[in-house]
J.: 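First, the structure itself, so that you have it in front of you.
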Number of protein chains: 2
Amino acid sequence: MRIVKFAEDLKEFLRSRGVRPSYVRLKVLQYLLTEKTHPTAEEIYRALVSEIPTLSRASVYNALAVLSEAGVVQALTIERHEGRYDAKVGEHGHFQCEVCGRVYDFSVDFGSLRHEALEGFLVKRRDLYFRGICPECQKGGESHGKSG
Amino acid sequence: MRIVKFAEDLKEFLRSRGVRPSYVRLKVLQYLLTEKTHPTAEEIYRALVSEIPTLSRASVYNALAVLSEAGVVQALTIERHEGRYDAKVGEHGHFQCEVCGRVYDFSVDFGSLRHEALEGFLVKRRDLYFRGICPECQKGGESHGKSG
DNA sequence: GTTCCTGCAAAAGCTTTGCAGAAGA
DNA sequence: TCTTCTGCAAAGCTTTTGCAGGAAC
């Protein structure tokens, strides 16, 4: 009964953030919390449509927009052509492998970063994106495909 | 004659990077070096088409792709829906104002940043994106439009 | 009962592609 | 001369929008 409890908690959590806990929103958030792969909207849609056959992409985009607005999830801009989403909202870094496309989290102490003073600028969000090749793709001779 | 000299230097520079110095490529690069506003492809197109009436968007995208490949310019992923380009290739940070959309550079010492060790990861590129409100938009009561 | 959400389809916006003609080596 | 680049148009991809039926409060 852990799952049910989990779902109930999520409902409460969303309500506390001023978001109506609709079925699609709950499923999208649950997926993001479970699969920490920073999926794209398309990946979320494909994963959930098997469970919710009537699901449409528009509803996924809609849910993601609402959850982002409420600060429950974070939209990454690590790629230009498709948005990726993260349910971990605290500040941390993201590494994307240019071979397999996977996105990895890593912890960052932004307080230690020395940079030019941004006087007069109101900073609301900080994103750190690293790019390169992940250990698996270095080992595996770059044999990983980009699709998931 | 500074301009002519500048253009000659640019040609040499491109050749040294293995890029044929075509007219469009030179103009795109020149624009990026002069206007440090991190323009989008559309903005570059609009700025150059008055000088080059036959210019097409496809050629701008083509030139940007070639220049990016050669490491002469850098494609930013600070926004999801449109690419912005920067001729400053050294590592530095970018701040985007959520009101006017402008992107500002600031210097960063990545060496000072403490973060989780990325053992086994080959890091090729590091991007730091800040978001918030710029001084002008805080003063001006957010009256700036997003278009250029 | 009223408001908000979903799902379908079509449209919008940015970017890429195919091909013929032009420019550069 | 031969390769490469340009420009036009059309297509591709992700994302947004409009509207009718259904779910949540």
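Below, read A as the first sequence line, B as the second, and so on, with proteins coming before strands; counting in each chain starts at 1.
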J.: D:dC25, C:dC14, D:dG7: which one has an atom nearest the side-chain heavy atoms of A:R15?
T.: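 Between D:dC25, C:dC14, D:dG7, the one nearest the side chain of A:R15 would be D:dC25.
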J.: Salt bridge or not between B:E12 and B:R15? Use side-chain N to carboxylate O under 4.0 Å.
T.: yes
J.: Measure from the side-chain heavy atoms of A:L55 and tell me the nearest of C:dG7, C:dT6, D:dT15.
T.: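 Among the listed nucleotides, the one closest to the side chain of A:L55 is C:dG7.
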J.: Considering the terminal five base pairs at each end of the helix from C:dG1-D:dC25 to C:dA25-D:dT1, what angle separates the two local helix axes, rounded to 10°?
T.: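 Computed from the C1' atoms at both ends, the axes differ by 40°.
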J.: Tell me whether the side-chain N/O atoms of A:T54 come closer than 4.0 Å to OP1 or OP2 in C:dG7.
T.: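 For A:T54, the contact criterion (side-chain N or O under 4.0 Å from OP1 or OP2 of C:dG7) is met.
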J.: Go nucleotide by nucleotide along DNA chain D from the 5' end; which of A:E42 and B:P53 gets its closest nucleotide reached first?
T.: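 Taking each residue's closest nucleotide, the earlier one in sequence belongs to B:P53.
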J.: For DNA chain C, which residues of residues 61-73 of chain A approach it to below 4.0 angstrom with any heavy atom?
T.: A:N62
J.: Mapping B:S22 and A:A58 to their closest nucleotides on DNA chain C, which lands nearer the 5' end?
T.: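 By nearest-heavy-atom nucleotide position, the 5'-most residue is A:A58.
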J.: Could you state the atom-to-atom distance from CD1 of A:I52 to P of C:dC8 in whole Å?
T.: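 One finds 12 Å between P of C:dC8 and CD1 of A:I52, rounded.
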J.: Of the nucleotides D:dT14, C:dG7, D:dT6, which has the atom closest to the A:S56 side chain?
T.: C:dG7
J.: What nucleotide, of C:dC14, C:dC5, D:dT15, holds the atom closest to the side chain of A:A41?
T.: D:dT15
J.: Between A:E43 (CD) and D:dT14 (C1'), how many Å, whole number?
T.: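 One finds 13 Å between C1' of D:dT14 and CD of A:E43, rounded.
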J.: Counting the atoms with a prime plus P, OP1 and OP2 as sugar-phosphate, which does A:S59 contact under 4.0 Å by heavy atoms, base, sugar-phosphate, or nothing?
T.: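 Here A:S59 touches the bases of the nucleic acid.
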J.: Would you say that more than 12 heavy atoms from the other residues, nucleotides or ligands in this model lie under 6.0 Å from the CD of A:E69, or not?
T.: no
J.: Are OP1 or OP2 of D:dT15 and a side-chain N or O of A:R57 less than 4.0 angstrom apart?
T.: no
